[in-house]
Amino acid sequence: EEEEDEDEENTEEKKKEESVENAGESPESCPQEEEEEQEEEEEQEEWQSWAQPAARTGLVYDERMEEHYNPWDRQHPESPQRIRRVLERLHELGLVQQCLRIPALHASQSQLRACHTPAHLSRLSSSPGLAPGALKALAEGYNSLYLCPRSYACARLAAGAACAAVSAVLARKVPPRGVW
């Protein structure tokens, strides 16, 4: 304890000595430090004005996506009502107004081919003209998928919506999570 007390006293004495030494210095004695501080403040102001987008969250939603439904199981958890309810809740909480609305567009064929085989795209693009039994048979060839006559158009819209969201981030209209 005695050593600690001595250390504290020595530290306090050094601080006093430093303050006496610095008291006679003019404010211009450390111009480099002041310049650096000024530059940091200016950079911070510039960064804040540039890096703060109007909306920090993008929202892509299109009512046409609700046209995808399960024609043989109306109680399926993935339903248009579930999606609609999520949007309603966002409105109730006032969150939609804080988001940048990003329009959903149908994905182009080249965008779809970036992730899917031509055979897969061909099978699904033919689905709108299929009878209900043929739609069900086609859907059963996939894991946890159902199809209705509007499913292909809705899938293109959903894929296009994802591309639009990425484009908004890349164009710096919406920041990626954890940035800015």
Side-chain angles (χ1 to χ4, degrees), residues 41-180:
E41 287 176 20
E42 288 172 5
E43 286 175 1
Q44 187 67 21
E45 287 173 16
E46 183 180 336
W47 172 253
Q48 287 175 347
S49 66
W50 175 78
Q52 297 297 323
R56 294 186 56 86
T57 302
L59 176 64
V60 185
Y61 180 82
D62 192 303
E63 290 178 358
R64 294 175 293 173
M65 288 188 239
E66 294 179 22
E67 296 171 3
H68 174 67
Y69 64 93
N70 189 330
W72 52 85
D73 182 2
R74 298 284 182 174
Q75 301 304 312
H76 194 282
E78 293 296 327
S79 69
Q81 296 81 9
R82 182 185 68 80
I83 297 167
R84 189 178 315 114
R85 181 62 188 125
V86 169
L87 185 66
E88 288 170 1
R89 186 66 178 138
L90 292 173
H91 274 290
E92 290 168 7
L93 296 172
L95 297 175
V96 170
Q97 297 82 343
Q98 297 176 31
C99 295
L100 172 68
R101 294 299 299 259
I102 301 168
L105 304 171
H106 286 97
S108 68
Q109 290 301 313
S110 63
Q111 288 171 324
L112 294 172
R113 284 192 301 270
C115 296
H116 300 291
T117 66
H120 176 73
L121 294 173
S122 177
R123 275 192 303 275
L124 291 182
S125 68
S126 68
S127 66
L130 297 177
L135 278 172
K136 187 171 185 177
L138 179 59
E140 288 173 350
Y142 296 95
N143 183 19
S144 186
L145 176 73
Y146 57 83
L147 294 170
C148 72
R150 297 286 303 145
S151 292
Y152 179 67
C154 293
R156 282 191 58 218
L157 191 57
C163 292
V166 170
S167 292
V169 170
L170 293 176
R172 302 181 81 84
K173 292 179 181 176
V174 177
R177 184 170 172 85
V179 177
W180 299 339

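When reading the values below, keep in mind they use all heavy atoms of this one structure, side chains included, and skip hydrogens, waters and symmetry mates.
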Of the non-hydrogen atoms in Pro103 and Ala164, which two are nearest, and what is the gap between them? O-CB, 3.6 Å
Under 3.5 Å: donor-acceptor pair, side chain of Glu66, backbone of Glu63: no
Check whether the ring centres of Tyr146 and His68 lie less than 6.0 Å apart, and answer yes or no. yes
With a 4.5 Å cut-off on side-chain heavy atoms, are Tyr69 and His76 touching? no
Between atom CD of Gln98 and atom CG of Leu59, what is the distance when rounded to the nearest 0.5 Å? 11.5 Å
Shortest non-hydrogen contact from Ala104 toward Asp62: CB-CB, 3.9 Å
Non-hydrogen side-chain atoms of Tyr61 and Val86 separated by less than 4.5 Å: no
Atom pair CE/SG of Met65 and Cys154 - distance to nearest 0.5 Å: 8.5 Å
Check the pair Glu78, Arg82 against salt bridge (charged side-chain N to carboxylate O under 4.0 Å, His left out), reporting the backbone distance first and the verdict last. CA-CA 7 Å; Glu78 293 296 327; Arg82 182 185 68 80; 2.6 Å; yes
Which atom names give the shortest non-hydrogen contact between Tyr152 and Leu121, and what distance separates them? CE1-O, 4.3 Å
Taking the side chain as every heavy atom from C-beta outward, state whether Ser79 and Asn70 have any atom pair closer than 4.5 Å. no
Quick one: CG on Leu124 to CG on Leu138, what's the gap to the nearest 0.5 Å? 6.0 Å
CD of Gln111 to NE2 of His106, rounded to nearest 0.5 Å, is 12.0 Å
In this structure, CD of Glu92 is separated from CG of Leu87 (nearest 0.5 Å) by 10.0 Å
Residue pairs meeting side chain to side chain donor-acceptor pair (under 3.5 Å), one or both in residues 122-136, sequence neighbours left out, come to Arg123-Tyr142
Going by the salt bridge (charged side-chain N to carboxylate O under 4.0 Å, His left out) test, which pairs reach into residues 147-161, not counting sequence neighbours? Glu67-Arg150
Rounded to the nearest 0.5 Å, what separation is found between the CG atom of Leu95 and the CG atom of Leu90? 5.5 Å
Where Ala139 and Leu145 come nearest, the two heavy atoms and their spacing: CB-O, 3.3 Å
Where do Ala159 and Ala107 come nearest, in terms of heavy atoms and distance? CB-CB, 3.8 Å
Considering only heavy atoms from C-beta outward, does the side chain of Ile102 approach that of Val174 to under 4.5 Å? yes
